[in-house]
Every structure is written in structure tokens, then in C-alpha cells.
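First up is the structure itself, then whatever we jot down about it.
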Amino acid sequence: MPSIPGFITHYFAKDEPQPPPISTITAVFLLVIYTFIYVVPFYISPTTRPSPTLSRDAPSVIRARIASVSLACAVCSVITFVILTSQGRATTAEALHALGYWPLGLVETAKCLLLTAVLFAGPLYEYLVVDEGWRDWLASRPLSVLFSEWITWRNIIAGPFTEELLFRSASVPLMLAARTSVGMTIFLSPLVFGLAHLHHFYEFRVTHPHVAASLVLLRSFLQLGYTTLFGAYATFLYLRSGSLLAVFVVHAFCNCMGLPRVWGRVYPASSAVASGDESFQPSVAWTVAYYVLLVAGAVGWYKNLGALTESSNALMSIEI
């Protein structure tokens with residue numbers, strides 16, 4: 001398997017490059033259409049549409065939505081595959097590589113996960129050490145919850161997988177086939193990914209009618225910001241690794257961790273409860289260690305960004 005799919009090198013070749021099968025505008029238009037195919041069915045059927053009496057977290061709604069987005073991802077992936085292989089521009093193997101299906105990228109997955117774990121050094125310390133999360137893992141409680149609670153399954157498995165399947169695997173190859181620049185691919189396609197989450201504004205308003213609209217709007221814009229930022233990071237990893245598995249695992253990990261704490265004191269909750277004293281003052285060492293690891297993790301992530309994402313399966317050559 002070549003390091004970069006042959007059909008892409010044809011488009012970017014310096015000597016008489018082949019005309020791309022689609023333009024960047026068409027690629028972005030398809031991304032928007034994909035987003036509608038993914039989201040709109042949520043509000044067509046009463047089984048997936050939230051209401052004041054039916055939450056998006058209801059197991060019946062989650063199951064119906066997983067079925068809906070799975071079908072949407074299958075349709076969009078087939079469309080992208082057909083565009084890539086039309087007129088003999090890409091072989092089946094090259095198209096599967098561009099879609100991130102093959103090679104699986106097990107090594108790339110491990111490296112991308114390690115890189116992201118370094119970035120989350122502080123939060124991992126808080127969860128595993130300060131909050132003694134390691135005890136839960138020894139007892140396999142997180143796995144038990146994953147396979148027994150629909151909300152957790154949606155947030156950690158179904159959501160990340162279908163979103164990466166649609167917004168990375170089915171979408172990024174279109175941008176590359178359109179001969180879109182690497183920079184625009186990394187920052188434009190994730191914007192569509194971020195906008196796809198704005199429908200949560202409507203859902204939150206329906207299920208929380210007493211919350212001020214301004215606060216809900218602020219919440220939605222905040223979500224747009226961090227989902228777009230994550231989308232850019234995931235797109236970068238996808239281009240560098242050529243692996244759908246890698247970006248799915250990283251997405252699932254990030255959903256597990258949530259947004260890192262950037263303020264406040266860190267201390268074991270159990271120690272405060274055990275003391276029974278409202279004026280309890282925990283050792284500042286917990287907090288110092290957390291923020292040192294938070295900064296060290298960010299520095300370590302930056303310094304290893306190139307080394308831990310380098311792969312012979314890369315979809316594009318990106319200078320780090």
C-alpha cells in the first residue's frame with residue numbers, strides 16, 4: 001500500500017495534474033448535505049424527536065437514533081466511495097485507504113491515543129490518582145457501565161464512531177479529491193462538524209424551557225467552539241494516520257475525559273467527607289501537581305505532535 005493514495009498524488013502532481021472530480025465548493029456542499037442526512041431524521045420521527053416529556057437520553061430515543069445515524073453513515077460513505085472511484089480515478093484499494101478502512105492502523109491508533117493521553121496528563125492524574133479511579137478500573141466498573149447504560153454507549157461508542165465515520169472518513173477524502181489545501185481541509189471540514197452540534201440548542205430549549213434563551217445560546221456557541229477545535233485535531237490525525245480506527249479511539253477517549261479543568265483546587269473528595277469539618281483545607285500539593293502536569297502535558301503533546309503522528313499510511317504529507 002503506498003504512503004499516499006495514488007489518485008490524490010495525481011491531483012497534486014506538479015507536472016500536468018489531473019483535474020479533480022469535484023470542486024472545493026461541491027465538496028463543502030456535500031459535507032453540508034451529509035450533515036443534514038445525519039441530523040434531520042432525528043426530528044422526523046416521533047421515536048427520535050425530543051419533547052418536554054421525551055428526553056434525548058431516553059433509551060428508546062438513543063436506540064432509534066443510533067439506527068438512524070448508522071444508515072446515514074452507510075449512505076454517505078457509499079456516495080463518497082462512488083465519487084472517488086468514478087471514471088477509474090481511484091482503485092478500490094486506494095478508495096478504502098482514503099476512507100480509513102484499510103490498513104486498520106493499529107500502531108497509528110496506539111500512537112495517536114498516547115499523544116492525546118499526554119495532552120490529558122493533568123486530568124488523568126486527577127481521575128486515576130486524586131479520585132482513585134484506578135480502583136474502578138481494577139473492578140472493571142467502567143466496562144460494566146459501558147455495556148449496561150445506553151447513555152454511556154452512545155457517548156463513548158456509537159456517537160464517536162458514527163461522527164468519525166461521517167465527518168472524517170466520508171468527508172475528508174472529498175476535500176482531498178477536490179484538491180483543497182491541507183490547511184483548509186483541517187479547519188473547514190471541522191467547522192461543518194461543529195455546526196452539526198447546533199441542533200442541541202433546540203433540544204435543550206425543548207427539554208429545559210425554563211432556562212433563559214441567552215444561556216442556552218451561550219452554551220451552544222461554547223459547544224460549537226470546542227467541537228470545531230476537536231474536529232480540526234481529529235482531521236489532522238486522520239490525514240497523518242490514514243486510520244478511521246485511530247480517530248475513533250481518540251474521540252472516544254476525549255469523550256471519556258471531557259474538558260480539562262483549568263481553574264479551582266484539586267483534592268480527594270473522600271478526604272473532605274472523611275474529615276467531617278466544613279472548614280477542611282486539603283493539601284495544596286494535589287492542586288500544584290495537577291497544574292504542573294496540565295502544563296507539562298501540553299508541552300509534551302506539542303513536542304511529540306510530529307513523531308507520534310508520523311505514518312507510512314498518511315493520506316497527505318504535512319510538514320510539522
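Side-chain atoms are counted along with the backbone in the values below, which use heavy atoms only and exclude waters and symmetry mates.
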For this session: Dump the intermediate steps for side chain to side chain donor-acceptor pair (under 3.5 Å) on T162 and Y38, then the final yes or no.
Result: CA-CA 9 Å; T162 57; Y38 188 92; 2.9 Å; yes

Exercise. What do the steps show when you test T47 against V61 for side chain to side chain contact (heavy atoms under 4.5 Å, CB included), and what is the final call?
Worked result: CA-CA 6 Å; T47 60; V61 174; over 6 Å; no

Exercise. Quick one: does L176's side chain get under 4.5 Å of L239's, heavy atoms only?
Worked result: yes

For this session: Inspect the surroundings of CD1 in I25 and state if more than 12 heavy atoms from other residues, nucleotides or ligands are less than 6.0 Å away.
Result: no

Problem set entry | Any H97 side-chain heavy atom under 4.5 Å of W102 side chain | no

Exercise. In this structure, are over 12 heavy atoms from other groups packed under 6.0 Å from Y43 atom OH?
Worked result: yes

Problem set entry | Any side-chain donor near an acceptor of the partner, W286 and Y125, under 3.5 Å | no

Exercise. Do Y34 side-chain atoms and C76 backbone N/O form a donor-acceptor pair below 3.5 Å?
Worked result: yes

For this session: State, with a plain yes or no, whether a side-chain heavy atom of W134 is found less than 4.5 Å away from one of V129.
Result: no

Exercise. Does the side chain of S77 come under 3.5 Å of the side chain of T80 through a donor N or O and an acceptor N or O?
Worked result: no

Exercise. Do the side-chain N and O atoms of S243 and E108 include a donor-acceptor pair separated by under 3.5 angstrom?
Worked result: no

For this session: Give a yes or no on whether E132 atom CD has more than 12 heavy-atom contacts from other residues, nucleotides or ligands under 6.0 Å away.
Result: yes

Seminar exercise, completed: When rounded to the nearest 0.5 Å, the distance separating OG1 of T26 from CG of L30 is 7.0 Å

Seminar exercise, completed: salt bridge (charged side-chain N to carboxylate O under 4.0 Å, His left out) pairs touching residues 114-129, sequence neighbours excluded, are E126-R261

Problem set entry | Beyond-backbone contact of L188 with V28, side-chain heavy atoms, under 4.5 angstrom | yes

Exercise. Of the non-hydrogen atoms in A178 and T24, which two are nearest, and what is the gap between them?
Worked result: CB-N, 3.6 Å

Exercise. Side-chain contact, heavy-atom cut-off 4.5 Å: L293 with P123?
Worked result: no

For this session: Verify side chain to side chain contact (heavy atoms under 4.5 Å, CB included) between W137 and L128, making sure each step is shown before the conclusion.
Result: CA-CA 9 Å; W137 279 100; L128 294 174; 4.1 Å; yes

Exercise. Is there a side-chain contact between V250 and Y233 (heavy atoms, below 4.5 Å)?
Worked result: yes

Problem set entry | Aromatic ring proximity H251/F161, centre distance under 6.0 Å | no

Seminar exercise, completed: Rounding to 0.5 Å, atoms CG (N304) and NZ (K111) come to a distance of 10.5 Å

Seminar exercise, completed: Separation between CZ (R240) and CG (L115), nearest 0.5 Å, reads 10.5 Å

For this session: Would you indicate whether the side-chain heavy atoms of F248 and I157 approach each other to under 4.5 Å?
Result: yes

Problem set entry | Check: T185/T180 side-chain N/O donor and acceptor closer than 3.5 Å | no

Seminar exercise, completed: The reported gap from CG in L222 to CG in L215 (rounded to nearest 0.5 angstrom) is 12.0 Å

Exercise. Run the side chain to side chain donor-acceptor pair (under 3.5 Å) check on W263 and Y291 step by step: do they pass?
Worked result: CA-CA 9 Å; W263 68 83; Y291 287 108; over 6 Å; no

Problem set entry | Heavy atoms of other groups near F187 CZ, more than 12 under 6.0 Å | no

For this session: Report the C-alpha separation of R56 and R154 in whole Å, then their side-chain angles, then the decisive distance to 0.1 Å, and conclude whether the side chain to side chain contact (heavy atoms under 4.5 Å, CB included) test is met.
Result: CA-CA 11 Å; R56 66 186 293 268; R154 176 197 63 194; 3.8 Å; yes

Exercise. Taking atom CZ of R49 and atom CD1 of I44, what is their separation to the nearest 0.5 Å?
Worked result: 9.5 Å

For this session: Can you label the angle between the W153 ring and the F147 ring as parallel, tilted or perpendicular, going by 30° and 60°?
Result: tilted

Exercise. Would a line drawn from the ring center of F253 to the ring center of F120 be shorter than 6.0 Å?
Worked result: yes

For this session: Would you mind reporting whether F81 and T92 have side-chain heavy atoms less than 4.5 Å apart?
Result: yes

